[in-house]
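Note that the structure is predicted; figures quoted are calculated from it, not measured.
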Amino acid sequence: LAADISGGIRQKRKFPQKVMVWLAVCSKGVSPLVIFENGTVDHDRYIKEVLPVAPKFGNNTFGAAWTFQQDGARPHIHAKSQEWCDKHFPCFIDKDHWPPNSPDLNPLDYCIWDELAHQVNWETVRSKKTLINEVKRAVRKVSVDVVFESCSSWTNRLYRLSQVKGNYLR
């Protein structure tokens, strides 16, 4: 809440600017950041703007033997996206072999987005342009150790999920 000029109280938006981004992580680091300044992301945009970044990053990082994992977002599970992944990744976990809503198994969801948000200097964000610049800066500041630890905990998280029969971890 914030006081306005006449002494009234009004709701203040916590994050007045927003921008959609895509990022991938693995035990060896973070991928290049993809920023969507305008509009939403459908499967066509996902295929054209995001998916070509992922195999380049994966192949440069691991060579020819690695697996691509994505969550159950609509652009990810669309038939054309799944077909693209099948054709361009050395291995990928398709939508039928991955839980559709699985934040406990996505290092971005259980760790990295929070770390990224803590690296953003929110006091300097006044426009979409300054937000984009801050996000770019924040991605570079995310600790390699944090990324490694969050990815390293993945197999333990998978085991713990099996113990709680797929319920969310606490």
Is F92 close to P55 at the side-chain level, that is, under 4.5 Å between some pair of heavy atoms? no

Does T130 reach the main-chain N or O of S127 with its side chain, forming a donor-acceptor pair under 3.5 Å? yes

How many angstroms lie between OG1 in T124 and CH2 in W122, if you round to the nearest 0.5 Å? 9.5 Å

Measure the spacing between CZ of R140 and CG of L33 and express it to the nearest 0.5 Å. 9.5 Å

Are the charged groups of E134 and R137 less than 4.0 angstrom apart, N to O? yes

With clusters defined by side-chain heavy atoms of hydrophobic residues (ILVMFWY) lying less than 4.5 Å apart, directly or transitively, does V21 cluster with V139? yes

Taking only distance into account, with no hydrogens and no angle test, what donor-acceptor pairs under 3.5 Å do side-chain atoms of residues 22-32 form with protein atoms, sequence neighbours excluded?
residue	atom	partner	partner atom	Å
S31	OG	A24	N	2.9
S31	OG	A24	O	3.4

Verdict with supporting geometry, I132 and E37, side-chain contact (heavy atoms from CB on, under 4.5 Å): CA-CA 8 Å; I132 289 169; E37 291 189 45; 3.4 Å; yes

Ring centers of F89, F68 separated by less than 6.0 Å: yes

Any chain of hydrophobic side-chain contacts (each under 4.5 Å) joining V125 to V19? yes

Donor-acceptor contact below 3.5 Å, side chain H97 vs main chain I93: no

Could you pull out all donor-acceptor pairs under 3.5 Å where a side-chain atom in residues 108-115 meets a protein atom, sequence neighbours excluded?
residue	atom	partner	partner atom	Å
Y110	OH	S150	O	2.5
Y110	OH	S153	OG	3.4
E115	OE2	Q119	NE2	3.3

If you measure from NZ on K18 to NZ on K128, what distance do you get to the nearest 0.5 Å? 8.0 Å

Under 4.5 Å between side-chain heavy atoms, counting indirect links through other Ile/Leu/Val/Met/Phe/Trp/Tyr residues: same cluster for F57 and V144 or not? no

Measure across N38 and R45 and return the closest heavy-atom pair with its distance rounded to 0.1 Å. O-NH1, 2.5 Å

The reported gap from NZ in K141 to CG in N121 (rounded to nearest 0.5 angstrom) is 8.5 Å

Just by distance, no angles: are the side chains of N59 and W66 close enough, under 3.5 Å, to form a donor-acceptor pair? yes

Is there a chain of hydrophobic side chains (I, L, V, M, F, W, Y, each step under 4.5 Å between heavy atoms) that links I35 to L131? yes

Hydrophobic cluster membership, V146 vs F148, 4.5 Å side-chain cutoff: no

To the nearest 0.5 angstrom, please state how far the CZ atom of R74 sits from the CG atom of D42. 12.0 Å

Should K95 and H76 count as side-chain neighbours, where that means a heavy-atom distance under 4.5 Å? no

Rounded to the nearest 0.5 Å, the CG atom of D94 sits from the CD atom of Q70 at a distance of 9.5 Å

